Amino acid sequence: MQEDRPVSHYVKKKSVSEMASPWSEQDWWKKMPCPLHPSWKLGDISELDLRKLKQNVDTDDNGLMVVELAIYRAFLEFPRGTFFNQGRANPTEALAYLGGAEEHVKAKFQGNIDAVIGYGIIINTFRLWIRMDGSTESVLRDLVTRKDGYPNHESYIQVVKAYILSRLGPRWRNSALVLYDSALKRFPQNCEWLFGKALMIGREARQLGFDNSFKDKTVRDKFQKEKQILKRVLVIDPDFHQARAFYGQVLFSLGENGAGVEISRALKEEPQNRSIAMVAVRYHRRNGTFSWAEIVLNRLLETCNTAETNFQLGILYNSKARNVHISERFSLWRKALEYFDRGIELDMCHYPCYTRRAEMNARLGERRKAHGLFQELFEYIYKDKPQLATHEMHTISIALEMGLPKHMQVFTVEEVIKLCHRYVTLATDEGLTTVDDRADNIPVKGKIDKYLKKLKNTISDESEKDSVRDMATLKLGDAHLRLGQFGDAERLYMEKYLQGGEDNLDIMWGLAKCYFNQGLHDKSTAMARKLERVEQHQFDVNELYADVHLSIAKSKLACETGFCVDDIHCRPDIIEHLEQAIEKGSLEACYFFLTKVANLHEQYFSLKGRVSEILAKIRLVCENIIPNIHTYFKVTLCDGSNIIHNEMAKRNEIREKVNKLLKYDAFISENACSSEVINEYKQLELLRHARLDFECELLKRKEGEHWNGACKEKLTEVLQIARVVLDHVVHIYQTLVLEQPPGRSIFAIHFDWDRARVDTKLAEEKLKKSISTLFPGYNMPESTFRIILEVQPMYDRNKLWLAALGSFNSALKHKTYVGEEIFDLELKKAEWIRLKSEDIVRKSCPEVERLVLYFLAMFNTLKLDNDSQHPMSQNNGEAESECNESEEKEGIRNRIDSGKKNGKERERKMEGKEREKSIEKGKKPERNKTK
């Protein structure tokens, strides 16, 4: 990123040829597509398991889309984002995979120029991101030069991106589908692309209908779609055996005939294909033909000794054990355990092997060992890793449903209670219990009902200890709350409350949450106050207060899509409730404020809206300086995908929205090629950044704490930028009017320091004199003159903050500037005037921005989306001015003519004077070379 520099009066303009050439910028190649380009949205992948993704790729030998697979593998070695178990980036390996991708392009797409250009652009751009190289840049330049003649190359770029997104997980599937559809419009007969799209749809269907329950309509619709695409592939290419195997698999999932025939035919044609073999194994195991599955797996094991192959063998023997006499089961379980152990040795991230290993030890009577293995999963492998939630749910269901006799039980009653509650927590956090596009009759619902019944039975079992029954009551109450069963939860809590639970903090907390969720905010707040009075309470009462404030704000805006923050004087309660929720640490309130409140960019410096102050609080929440609450909510990204449980991704999205409010990109038109004007926008962005940093430092300072060094530093930065940006914009105005550098700034100080008041008449006279001197022959329109006069530092006695801003440079120069909470203005014949530093900042920023945007609009180098709504056209100060555009345009035309005439006249006079001096000295006069 280029460094922001002060405006230079002499800026060399680019020639037409330079502006038209795409190679004039040093980092031109960064605009080309590749997995590391920001537009691919792969920067936030913190919830993904890097090692597992690598393992999946390395064991995938389907021989399809080999170029895309190699580029994807290079990305896993040199990723842009942050994986939850990421090691060090490996550029050498990444470059090796990119070299392999290039070899595949040469071998597979010889003569296909579109493919060569599309893949080549991605591969060589990726190389430059990893390591700069002149020859690579030259190759890329040649490809980019040729691409316009081959528009179909874009399809290959889209498919690479679609392939990578589809491999990363469900969050990116919608974007991947759009890309596949776009590419297939140009190449509708491409079987590999059709097959890739079909597999992605089938993968989603199997995830929604896991545990082999595919009765849900949503799941069946996706299977039908997968079936249609695979059928189309087989029509185009009947010898596409891998597609035939998956076609048989989807027939089996839908309960239709012909599945076995299709799978057997595919396996017969390609017996060494690992993907086809795995499809056949799953089919035979689920169909009960274990012998066939065992034959296929043993044959596959000879050539492919992977964790998944061993896992499937273990599952096969475990399934066989269910259908034999109890005396024969132990030998099959031991054999299954042996394969699960091998699977873990081959892949330390194969979580199903861990789960089944613990289960086999429990079935073999190794209770203590099994308990330790399960605890390792729950307390180490799965802990604080929401990305492994589905694995953890599967492990819990196996742990609770092993059906062991009482003397062989692995877990205590207390542990069973915790596991039941944990399953409900994970299911609700994953959104598997809500009636939406995920469907409401997924088998999770049945398991939840079963586990709730376990908790109820424990409560009613009088043989259990009171402490155990109380634990079950609290866990059941919280489970009801999570499932939205507020009435059941309230009855449960109230019953315990009336039985002497007035001092039980857990009961009080549960009741408060019940009241809140039922809209009884007064009761919820009253219960929060009771909890607050209890010494050493274990709950964060801020959450209850934040619940209430956020709920009220939501209810008042339930029917609105947004509102202008400038109307805060009419609706102060809405902003107030949101701000109070943010102060308590509500992450959802931060997101709600940024997405529901309109015109935040235009009102950034507004004194009424206090946008900067609220954004500073949001930044502290995102930095976790204020502990986060309300972290479970849905965030919709620009690509349409949703984030539900990943807190880091949510905070990153909120930060991104805040950063957008600091930029002026939308105001710079395509024709704004003046570097001076663009630099002025950059200065305004710096002012916004500095203002936000200053507000953050004020918030970090504890109440009663002395003004720290960081506050002084940020205060100085804001005042410096504000002063500089005013000087620069007036310099630009003078430069464009006179078409030559100005002698001095018209941002002057007209203030009577003797009487500490403003002599407006004197200020006006001095300004007119300055303008007539600086703009000879130019009749400045009255509207422009009034705008300049209005923001003279000394124009209004109520704007002493501008006096402070005007004298800021002198204070720094004479070392009288202290940078404390109070800013002193020294008078000649009166006492010092003391201003609050934060008032100087908050009152100067909107006026500075207004003046700057006024001049920039006058330069005709920006386009405002809503010109009438922008603070530039509003009177944020006390004086109000109206700009007569026609008068201003006429004035600018006059100044061009008069400026040129005056400039030539000055040149002639100077030349005449030089001649006279030369004649006096007896020298021959020289002509003006610049004439």
Side-chain angles (χ1 to χ4, degrees), residues 56 60-69 155 158-160 162-167 169-170 172-210 212-287 296 308:
N56 290 342
D60 185 359
D61 69 338
N62 57 26
L64 304 174
M65 302 184 75
V66 289
V67 179
E68 290 83 354
L69 188 144
S155 297
Q158 290 170 339
V159 166
V160 171
Y163 180 86
I164 294 176
L165 293 177
S166 67
R167 296 297 296 253
W172 291 271
R173 279 187 190 138
N174 289 335
S175 299
L177 279 173
V178 172
L179 291 166
Y180 267 124
D181 289 337
S182 179
L184 286 166
K185 285 180 182 178
R186 288 175 171 164
F187 298 95
Q189 303 294 310
N190 192 307
C191 291
E192 286 193 5
W193 296 357
L194 286 168
F195 182 65
K197 178 183 175 182
L199 285 192
M200 187 172 60
I201 296 171
R203 198 178 301 123
E204 183 177 10
R206 274 175 278 280
Q207 183 183 12
L208 290 175
F210 66 91
N212 306 326
S213 297
F214 303 134
K215 297 179 181 179
D216 176 65
K217 184 179 183 302
T218 304
V219 176
R220 292 186 67 82
D221 287 346
K222 291 186 180 297
F223 275 134
Q224 288 289 354
K225 195 171 182 180
E226 180 191 17
K227 172 187 167 185
Q228 291 171 4
I229 298 173
L230 291 173
K231 194 172 183 179
R232 179 181 167 191
V233 171
L234 292 174
V235 170
I236 298 171
D237 183 5
D239 295 330
F240 200 147
H241 305 298
Q242 196 166 334
R244 187 174 299 282
F246 280 91
Y247 180 66
Q249 179 178 262
V250 76
L251 289 177
F252 180 74
S253 299
L254 290 169
E256 298 181 8
N257 297 327
V261 175
E262 299 291 349
I263 293 172
S264 298
R265 180 179 170 185
L267 185 62
K268 182 179 179 181
E269 296 293 336
E270 290 189 41
Q272 300 301 321
N273 188 296
R274 191 185 309 166
S275 298
I276 295 176
M278 284 298 180
V279 170
V281 166
R282 294 190 188 98
Y283 167 74
H284 287 299
R285 178 168 56 81
R286 292 169 183 169
N287 204 34
V296 174
E308 182 62 22

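Note that these values count all heavy atoms, side chains included, but never hydrogens, waters or copies made by symmetry. Since the structure is predicted, the reported quantities are computational estimates derived from the model, not experimental observations.
N257 CG: 12 or fewer foreign heavy atoms inside a 6.0 Å radius.
No donor-acceptor pair closer than 3.5 Å links the side chain of R244 to the backbone N or O of L234. Proximity of a side-chain donor or acceptor of E192 to a complementary backbone N or O of M65 within less than 3.5 Å is detected.
In terms of the ring-ring contact (aromatic ring centres under 6.0 Å, His included) criterion, Y247 has no residue partners (sequence neighbours excluded). Scored by the side-chain hydrogen bond (donor to acceptor under 3.5 Å, both in side chains) test, K225 finds no partners at all (sequence neighbours excluded). With sequence neighbours left out, the salt bridge (charged side-chain N to carboxylate O under 4.0 Å, His left out) criterion links E269 to no other residue. In this structure R282 satisfies the salt bridge (charged side-chain N to carboxylate O under 4.0 Å, His left out) test together with E308, sequence neighbours excluded. Among residues two or more places apart in sequence or in another chain, the salt bridge (charged side-chain N to carboxylate O under 4.0 Å, His left out) test is passed with E68 by none.
Taken from CG in L177 to CD1 in I201, the straight-line distance is 5.5 Å, to the nearest 0.5 Å. To the nearest 0.5 Å, the span separating CE on M278 from CD on Q249 amounts to 12.0 Å. For the atom pair CG (N190) and CG (L184), the distance works out to 7.0 Å, reported to the nearest 0.5 Å. Atom CZ of residue F223 and atom CD of residue E204 lie 10.5 Å apart, to the nearest 0.5 angstrom. Here L194 contributes atom CG and Q228 contributes atom CD; the two are 12.5 Å apart, rounded to the nearest 0.5 Å. To the nearest 0.5 Å, the span separating CZ on F252 from CG on N287 amounts to 5.0 Å.
Taking every heavy atom of both residues into account, A280 and L267 meet most closely at CB-CD2, 4.0 Å. Closest approach of A205 to V219, counting heavy atoms only: O-CG1, 3.5 Å. In terms of heavy-atom proximity, L230 sits nearest to F195 at CD2-CD1, 3.7 Å. Between V233 and F240, the shortest heavy-atom distance links the atoms CG1-CD1, 3.5 Å. What you find for L64 and Q242 is that their closest heavy atoms are CD1-OE1, 3.8 Å. Considering all non-hydrogen atoms of both residues, A198 and I229 come closest at CB-CG2, 3.7 Å.
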Item to complete: Could you give me the CA-CA distance, side-chain angles and deciding distance for L254 and K227, then say whether side chain to side chain contact (heavy atoms under 4.5 Å, CB included) is met?
Response: CA-CA 9 Å; L254 290 169; K227 172 187 167 185; 4.0 Å; yes
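Side-chain atoms of I263 and H284, non-hydrogen and from C-beta on, never get closer than 4.5 Å to each other.
Sorted by first and then second residue, the side chain to side chain donor-acceptor pair (under 3.5 Å) pairs involving residues 177-188 (not counting sequence neighbours) are Q158-S182, D181-K197.
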